[in-house]
2 protein chains.
Amino acid sequence: MPKSIIRTYSRYNRDASALLGALIREARHERKLTAQELADRAGISRGLLQRIEKGNLKCEIGAVFEVATIVGVKLFDADESTLTKYLRQTKEKLALLPKSVRNKSKAVRDDF
Amino acid sequence: MPKSIIRTYSRYNRDASALLGALIREARHERKLTAQELADRAGISRGLLQRIEKGNLKCEIGAVFEVATIVGVKLFDADESTLTKYLRQTKEKLALLPKSVRNKSKAVRDDF
DNA sequence: GATTTATGCCCTATATATAAACCAAAAGGA
DNA sequence: TCCTTTTGGTTTATATATAGGGCATAAATC
């Protein structure tokens, strides 16, 4: 990130991230997990989990997703099966999977 | 990140991120925005937007949230007002706001 | 067809997020 | 009360995500 970019976030997203962190923290307590235990399960450091639970927007999304999934905080929707439902419904799925494969089989392109 | 941690992600979250990226890309097309235009609006580089649309889990969550909000892809829920609803309902909000203020007024602690 | 525009994907420099190790304070349990 | 555990907050070293640029291809547009 050259030239010291000061990134600003909208109030909405700051609230959203703070809420997500609070939900994660609450869910962790409900499951009687210490911060260290949850961090270990997610494969991250305890310090990173602390920042996630505080709603820090600079955390990598993969770490946040992993933690949220472990403690049962759902993304996109409160409904558990919504993601899978989306994955089935969206016609983008057809364009989705090849896209994630393209990098692996770089030059071939014989997949159609 | 010392010691070259190889972070693994669950299949669920890889799918979730890929779906989120696809939804963002689809929404961007619906709004007739070029990648450069959306990146400019979000204050990020075009390359980062590309990675977001590919569902790269190493992107910072703040950038993903900003982009998603701009093109109208909702987080947590399809309903627009769900976040604000949550923010009102959750009793965690009381513990939430002071937490985000604590860093600003570092040593004072006269807020109670 | 030609020409512009958008996209995909390199590359490099650098700002910074992360892990790990601390310490002190808070919380919980005896 | 004391003792243990958990948490919040540092600090430091290092891995790496990012911005920015270039370039080739694809896709519009004419």
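Numbered from 1 within each chain, the chains take letters A, B, ... in sequence-line order.
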Rounded distance (nearest 0.5 Å) linking atom NZ of B:K32 with atom CD of B:E30: 9.0 Å
Show every donor-acceptor pair shorter than 3.5 Å between a side-chain atom in residues 35-42 of chain B and any protein atom, with sequence neighbours excluded, or say none if there are none.
unit_1, atom_1, unit_2, atom_2, d
B:Q36, NE2, B:D40, OD1, 3.0
B:E37, OE1, B:T34, N, 2.9

For B:L48, side-chain contact (heavy atoms from CB on, under 4.5 Å) partners two or more places apart: A:R7, B:I44, B:S45, B:R51, B:I52, B:C59, B:A63
Residue list, side chain to side chain donor-acceptor pair (under 3.5 Å) with B:T69, at least two apart or on another chain: A:N13
Value in whole Å for how far the P atom of C:dT7 lies from CG of B:D40: 12 Å
Whole angstrom value for the distance that separates P of D:dT10 from CG of A:L48: 16 Å
Spacing of B:N56 atom CG relative to D:dA17 atom C1', expressed in whole Å: 9 Å
A:K32 NZ to C:dA27 C1', straight-line distance once rounded to whole Å: 14 Å
side-chain N/O B:R7 vs D:dA15 OP1/OP2, d < 4.0 Å: no
Short side-chain N/O contact to C:dA15 OP1/OP2 from A:K58, under 4.0 Å: no
Side-chain N or O of A:K54 closer than 4.0 Å to phosphate OP1/OP2 of D:dG9: yes
CG-CD1 distance between A:L19 and A:I24, expressed to the nearest 0.5 angstrom: 9.5 Å
Gap between atoms CG and P, on A:L49 and C:dA19 respectively (whole Å): 10 Å
Quick one: which protein N/O atoms are closer than 3.5 Å to N/O atoms of nucleotides 4-7 of chain D? Pair and distance per line, please.
unit_1, atom_1, unit_2, atom_2, d
D:dT7, OP1, A:R28, NH1, 2.7
D:dT7, OP2, A:A35, N, 2.7

Min side-chain heavy-atom separation B:E53-B:Q50 under 4.5 Å: no
